[in-house]
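Working notes for the structure below.
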Amino acid sequence: MENTITLEATQETHLVATAMQTIMDEHCTLTSNINPEEIAALMPAINKAKGIFLMGAGRTGLMMKASAMRLMHLGYKVYVVGETTTPAIGEGDLLIAGSGSGTTAGIVRSAETAKNEGASVICFTTSPASPLATLADYTVTIPAAQKQARDEDVSKQYAGSLFEQSLLLSFDALIQALWEIDGSTASELWKRHANME
């Protein structure tokens with residue numbers, strides 16, 4: 001019985017190690033195909049925005065919330081679309097939307113609203129020809145499989161996992177670059193960290 005448990009634990013450890021390597025390999029391949037100029041082009045738009053609104057659906061939405069937190073730490077005026085305290089978007093504001101397909105109805109409608117109100121739009125998507133990308137002033141293309149595609153040549157992970165992970169990594173690279181330019185210390189950023197958790 002003890003040998004069986006040890007064997008099962010060894011197999012599970014191997015599965016986890018293999019899964020980790022698979023995910024890391026996918027990211028190495030994908031990152032080499034993301035254009036850093038597309039990400040760098042977002043920096044002036046972020047810096048001149050009066051207010052920055054972020055949105056996404058499902059797990060992509062969670063990545064966008066994480067990115068909103070980091071922008072807040074850098075001192076930007078940031079809102080998450082759908083929260084009860086988020087105000088109306090207006091002229092001079094910026095909407096940053098994440099959507100793997102670029103077709104999520106609510107996100108496309110929000111981008112249309114933003115444009116109609118005089119705001120700029122940034123999108124992160126797998127599809128540069130999508131309705132969201134067509135509306136956007138700036139597009140970052142993340143060449144991951146869309147969750148509906150189930151394309152194992154692009155990713156062995158389920159659904160949109162590679163896109164969602166890469167969205168966070170790409171946004172973190174953007175945050176890191178903005179921070180380098182800003183020159184604030186980690187201690188200065190920490191003062192903005194939530195203190196009522």
Side-chain angles (χ1 to χ4, degrees), residues 34-149 159-175 177-179 181-182 192 194:
I34 294 176
N35 184 351
E37 291 179 2
E38 290 182 350
I39 299 174
L42 311 182
M43 296 166 77
I46 288 171
N47 282 324
K48 74 177 184 183
K50 292 195 301 189
I52 302 172
F53 296 70
L54 287 91
M55 76 177 304
R59 282 172 36 126
T60 299
L62 297 175
M63 302 304 108
M64 298 306 287
K65 284 185 175 185
S67 301
M69 174 190 261
R70 288 292 180 252
L71 285 171
M72 175 275 292
H73 286 150
L74 285 174
Y76 294 98
K77 185 189 274 186
V78 184
Y79 307 98
V80 173
V81 176
E83 298 293 329
T84 56
T85 56
T86 299
I89 197 166
E91 189 171 352
D93 289 331
L94 175 65
L95 171 66
I96 306 178
S99 171
S101 68
T103 61
T104 307
I107 296 174
V108 173
R109 280 195 305 272
S110 293
E112 290 170 342
T113 298
K115 296 294 287 185
N116 289 339
E117 295 297 329
S120 298
V121 175
I122 289 170
C123 85
F124 288 79
T125 185
T126 65
S127 178
S130 65
L132 180 61
T134 302
L135 284 165
D137 299 282
Y138 308 89
T139 298
V140 176
T141 303
I142 296 176
Q146 294 180 22
K147 64 184 175 187
Q148 300 92 338
S161 292
L162 182 60
F163 171 75
E164 294 145 7
Q165 295 155 359
S166 298
L167 170 58
L168 184 62
L169 290 173
S170 298
F171 218 113
D172 273 353
L174 172 62
I175 294 296
L178 288 166
W179 185 23
I181 291 170
D182 176 69
R192 299 189 187 104

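None of these values were measured; they are calculated from a predicted model.
- Side-chain contact between Leu95 and Val81 is present, with at least one heavy-atom pair separated by less than 4.5 Å.
- Between Leu74 and Arg192, the shortest heavy-atom contact is C-NH1, 3.5 Å.
- For the atom pair Asn35 CG and Thr141 OG1, the distance stands at 8.5 Å (nearest 0.5 Å).
- Atoms CG and CE, from Leu71 and Met64 in turn, are 9.0 Å apart once rounded to the nearest 0.5 Å.
- With sequence neighbours excluded, the residues forming a salt bridge (Lys or Arg N to Asp or Glu O under 4.0 Å) with Asp137 are Lys115, listed by chain and number.
- Heavy-atom minimum distance, Val121 versus Ala111: CG2-O, 3.9 Å.
- Looking only at distances, a side-chain donor or acceptor of Thr86 sits under 3.5 Å from a matching main-chain atom of Val80.
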Enumerate donor-acceptor pairs with a distance under 3.5 Å from any side-chain N or O in residues 47-55 to protein atoms, sequence neighbours excluded.
unit_1: Asn47; atom_1: OD1; unit_2: Tyr76; atom_2: OH; d: 2.5
unit_1: Asn47; atom_1: ND2; unit_2: Met43; atom_2: O; d: 3.2
unit_1: Lys50; atom_1: NZ; unit_2: Glu91; atom_2: O; d: 3.0

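- Scanning all heavy atoms of the two residues, the minimum distance from Phe124 to Phe163 falls at O-CZ, 3.6 Å.
- Listed by chain and number, the residues in a salt bridge (Lys or Arg N to Asp or Glu O under 4.0 Å) with Glu83 are Lys65 (sequence neighbours excluded).
- Smallest separation of non-hydrogen atoms from Ser67 and Ile175: O-CD1, 4.4 Å.
- Minimum heavy-atom separation, Ala57 to Ile107: N-CD1, 3.8 Å.
- Applying the side-chain contact (heavy atoms from CB on, under 4.5 Å) criterion to Ser130, with sequence neighbours excluded, gives Thr125, Ser127, Leu132, Ala133.
- The CZ atom of Phe171 sits 7.0 Å away from the CD1 atom of Ile122 when rounded to the nearest 0.5 Å.
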Give the C-alpha distance, both sets of side-chain angles, the deciding distance and a yes or no for side chain to side chain contact (heavy atoms under 4.5 Å, CB included) between Thr139 and Glu38.
-> CA-CA 7 Å; Thr139 298; Glu38 290 182 350; 5.7 Å; no

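- Rounded to the nearest 0.5 Å, atoms SG (Cys123) and CD1 (Ile96) are 11.0 Å apart.
- Minimum heavy-atom separation, Gly100 to Thr126: O-OG1, 2.5 Å.
- Not a single donor-acceptor pair under 3.5 Å links the side chain of Glu164 to the backbone N or O of Met63.
- By the side-chain contact (heavy atoms from CB on, under 4.5 Å) test, Ile34 pairs with Leu30, Ile39, Ile142, Pro143, Ser170, sequence neighbours left out.
- Partners of Arg70 by salt bridge (Lys or Arg N to Asp or Glu O under 4.0 Å), not counting sequence neighbours: none found.
- Distance check, rounded to the nearest 0.5 Å: CG of Leu42 to CG of Leu174 gives 5.5 Å.
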